[in-house]
Undergrad: 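Before I ask anything, here is the structure I am working with.
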Amino acid sequence: MVADTILNFIDGEYVATGKWFDNRTPTTNALIGQVAEAGKAEVDAAVAAARAALKGPWGKMALEKRVELLEALVAEINHRFDEFLEAECADTGKPKSLASHIDIPRGAANFKVFADMVKNVSNEFFEMATSDGLGALNYATRSPVGVVGVICPWNLPLLLMTWKVGPALACGNTVVVKPSEETPRTAALLGEVMNKVGIPKGVYNVVHGFGPNSAGEFLTSHPDVNALTFTGETRTGEIIMKAAANGSRPVSLEMGGKNAAIVFADCNFEAAVEGTLRSAFANCGQVCLGTERVYVERQIFDRFVAAMKAGAEQMKIGVPDDPATGMGPLISKEHQNKVLSYCRLAMEEGATVVTGGGVPDMPGELKNGCWVQPTIWTGLPETARVIKEEIFGPVCHIAPFDSEEEVLAKANDNVYGLSTAIWTTNLARANRVAQKMEVGIAWVNSWFLRDLRTPFGGAKQSGIGREGGVHSLEFYTELKNVCIKL
Ligand code: NAD
């Protein structure tokens with residue numbers, strides 16, 4: 001386990017404060033560390049350091065050198081892979097088999113993909129006719145937006161943080177990161193890596209704390225922060241958007257979801273079951289892209305529900321170190337209580353519990369952990385709150401459908417619009433349904449298959465803007481047109 005004192009990282013130095021909050025591990029809910037909460041003074045210092053760094057060596061650095069440093073970051077994260085893995089699993093309780101496959105490698109890869117992108121991207125150029133016959137040339141240039149405030153959630157801490165810090169730095173910005181209060185470790189550890197590879201002081205800063213009246217609010221309301229990028233709940237995103245209105249600052253918001261999977265009778269049955277099990281229960285259901293609503297064509301409904309039940313019941317619930325663990329705990333007691341309250345609500349709303357619905361019986365000190373069984377419901381009306389609201393746990397509802405039209409209407413009848421997974425061997429139908437789904441990301445015969453060059457983001461209340469590949473340039477750079485009269 002990494003050091004039990006987790007500090008802010010400001011201007012290349014680790015900084016304690018007079019105020020501490022608890023860091024608990026969700027497998028046992030035991031106290032494993034103390035985190036230094038940043039107050040207004042520390043947030044001011046971090047923003048000032050980030051602003052100063054824009055004018056220092058970082059601001060003057062040639063693109064080639066910047067790219068070299070980002071590539072060195074990847075190598076150094078991989079070099080310290082096990083430390084990152086320990087830190088992430090201590091904070092989240094997720095299986096090491098998952099974090100070593102997704103969280104840490106992707107956390108590193110996010111620097112590589114955006115280093116490659118900025119190295120290769122071209123800007124637009126237009127020739128223009130003028131009445132004197134001599135013409136004019138237009139070309140666009142991109143410059144950094146400045147200091148970017150990065151507000152992160154707890155479900156994939158390193159991965160989702162570097163998904164923003166990667167493009168921000170690749171484009172020449174500086175950042176102040178506010179990790180989730182639940183998962184402060186990997187963001188803090190990354191400070192050491194920044195120093196080791198020679199990223200100039202002040203380019204990467206981390207302030208710990210909560211939202212309201214804490215580091216989150218101090219950062220998002222800070223007038224010297226030029227842009228705000230956020231991943232988290234829609235409700236929080238709306239608060240951040242209001243804060244960003246002061247000073248007309250741009251926001252990029254990656255928010256909640258209530259994603260639907262659509263399973264047609266002509267699907268590859270085994271692949272659809274495997275993919276849906278993963279999308280419902282991976283990371284204990286705490287994936288924004290995860291499936292909480294499953295619609296299955298009636299001919300295969302009973303068989304599909306039975307296969308999902310068998311798959312869920314075979315899943316081993318356990319600790320990060322056990323290679324057999326398929327599912328870890330939820331992030332906190334508070335979140336466990338929230339998910340369990342939805343389990344009770346499902347019963348009140350008339351659900352049939354196919355499997356799960358409660359807390360698994362865990363041995364010894366694990367009894368105190370934040371566990372919830374993988375849970376499958378059927379039989380709820382489409383108006384049920386359990387069908388409408390994001391739960392963000394290892395739960396899904398499975399409903400039958402009879403026609404493409406019907407399933408599209410049901411799947412789209414939600415305020416969120418993040419992602420979908422469509423399972424069918426009829427590619428014409430797959431295309432038709434994907435086009436009509438009101439989402440930012442549609443998978444066909446897969447789930448969570450991510451090419452980092454593609455646009456990522458949500459429709460409706462799931463987000464504003466797209467990040468990924470060249471789309472990240474829209475947010476992390478200021479585009480300027482230069483028009484030259486010949
Ligand atoms: P959250 O909104 O509770 O917290 C996210 C971050 O915002 C935390 O760092 C928190 O401290 C901070 N925050 C809270 N209130 C704030 C305020 N008033 N001002 C400034 N900062 C504030 O979200 P969470 O519980 O950490 O994460 C789960 C949510 O994230 C789910 O809704 C999930 O769908 C969403 N999510 C979305 C994506 C995506 O890409 N769309 C990815 C992962 C998670």
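Indexing begins at 1, ligand by ligand and atom by atom, following the structure's order.
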Undergrad: Have a look at ligand 1 and work out which part of Val287, if any, has a heavy atom under 4.0 Å from it: side chain, backbone, both or neither.
TA: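 Answer for Val287: neither.
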Undergrad: Distance under 6.0 Å and angle within 45° of the ring axis: does Arg106 meet both against Trp163?
TA: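 That pair qualifies as a cation-pi contact.
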Undergrad: Taking distance alone, with no angle check, do Glu233 and ligand 1 share an N/O pair under 3.5 Å?
TA: yes
Undergrad: May I ask you to identify, for Ala243, whether its side chain, its backbone, both or neither come under 4.0 Å of ligand 1 on a heavy-atom basis?
TA: neither
Undergrad: Can you tell which part of Glu181 has a heavy atom less than 4.0 Å from ligand 1: side chain, backbone, both or neither?
TA: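 For Glu181, only side-chain atoms sit under 4.0 Å from ligand 1.
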Undergrad: Below 4.0 Å, non-hydrogen atoms only: which portion of Leu418 touches ligand 1? Side chain, backbone, both or neither.
TA: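 Only the side chain of Leu418 comes within reach of ligand 1.
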Undergrad: Using a 4.0 Å cut-off to any heavy atom of Ile151, which atoms of ligand 1 qualify?
TA: 6 (C), 7 (O), 9 (O), 12 (C), 21 (N)
Undergrad: Does atom 11 (O) of ligand 1 have a protein non-hydrogen atom under 4.0 Å from it?
TA: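 Yes, because at least one protein heavy atom sits under 4.0 Å from atom 11 (O) of ligand 1.
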Undergrad: For atom 21 (N) of ligand 1, what's the nearest protein heavy atom and its distance?
TA: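 Looking only at protein heavy atoms, the one closest to atom 21 (N) of ligand 1 is Gly216 CA, 3.7 Å.
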Undergrad: Quick check: Cys152 and ligand 1, any N/O pair under 3.5 Å apart?
TA: yes
Undergrad: Can you confirm, on distance only, whether ligand 1 has an N/O atom lying under 3.5 Å from any N/O atom belonging to Asn155?
TA: no
Undergrad: Below 4.5 Å, heavy atoms only, C-beta onward: do Glu192 and Phe9 meet side chain to side chain?
TA: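 Side chain of Glu192 against side chain of Phe9, heavy atoms only: no contact under 4.5 Å found.
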Undergrad: Any idea which protein heavy atom is nearest atom 27 (O) of ligand 1, and the distance to it?
TA: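 Its nearest protein heavy-atom neighbour is Pro153 CB, 3.4 Å.
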Undergrad: Tell me, which protein residue and heavy-atom name are nearest atom 14 (C) of ligand 1, and how many Å apart are they?
TA: Thr236 CG2, 3.3 Å
Undergrad: Per the ring pair (Phe, Tyr, Trp, His ring centres under 6.0 Å) rule, which among Trp154, Trp371, Tyr342 passes with His335?
TA: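 The passing option is Trp154.
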Undergrad: Check whether any side-chain N or O of Arg293 sits under 3.5 Å from a backbone N or O of Lys258 as a donor-acceptor pair, and report yes or no.
TA: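 At least one qualifying donor-acceptor pair exists.
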Undergrad: Between Asn283 and Asn155 (side chain of the first, backbone of the second, donor and acceptor by atom type, cut-off under 3.5 Å), is there such a pair?
TA: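 Yes: the side chain of Asn283 pairs with the backbone of Asn155.
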Undergrad: Test your reading of the model: is there a side-chain donor-acceptor pair from Thr25 to the backbone of Ala90, 3.5 Å cut-off?
TA: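 Looks like yes, one N/O pair under 3.5 Å.
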Undergrad: Given side chains that start at C-beta, do those of Phe218 and Val207 come closer than 4.5 Å, heavy atoms only?
TA: no
Undergrad: Are any of the N/O atoms in Thr231 less than 3.5 Å from those in ligand 1?
TA: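 No, there is no polar N/O contact under 3.5 Å.
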Undergrad: How long is the span from the CG atom in Leu73 to the OH atom in Tyr204, to the nearest 0.5 Å?
TA: 10.0 Å
Undergrad: Test Val47 against Leu219 for side chain to side chain contact (heavy atoms under 4.5 Å, CB included), laying out the working first.
TA: CA-CA 8 Å; Val47 174; Leu219 179 60; 4.0 Å; yes
Undergrad: Given Leu169 and Val175, is the side chain to side chain contact (heavy atoms under 4.5 Å, CB included) satisfied, shown in steps?
TA: CA-CA 8 Å; Leu169 300 195; Val175 296; 4.2 Å; yes
Undergrad: Of the protein's non-hydrogen atoms, which lies at the shortest distance from atom 24 (P) of ligand 1, and what is that distance?
TA: Trp154 NE1, 3.4 Å
Undergrad: With heavy-atom distances below 4.0 Å as the criterion, list the atoms of ligand 1 near Ser180.
TA: 9 (O)
Undergrad: Between ligand 1 and Thr234, is the shortest N or O to N or O distance under 3.5 Å?
TA: no
Undergrad: List every atom of ligand 1 that sits less than 4.0 Å from any heavy atom of Glu390, numbering the atoms from 1 in the order shown and giving each element.
TA: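 Heavy-atom distances to Glu390 below 4.0 Å select 31 (C), 32 (O), 33 (C), 34 (O).
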Undergrad: Counting distance only, does the side-chain N/O of Asp103 pair as donor-acceptor with the main-chain N or O of Glu88 below 3.5 Å?
TA: no
Undergrad: Among protein heavy atoms, which lies nearest atom 41 (N) of ligand 1, and at what distance?
TA: Met255 O, 2.8 Å
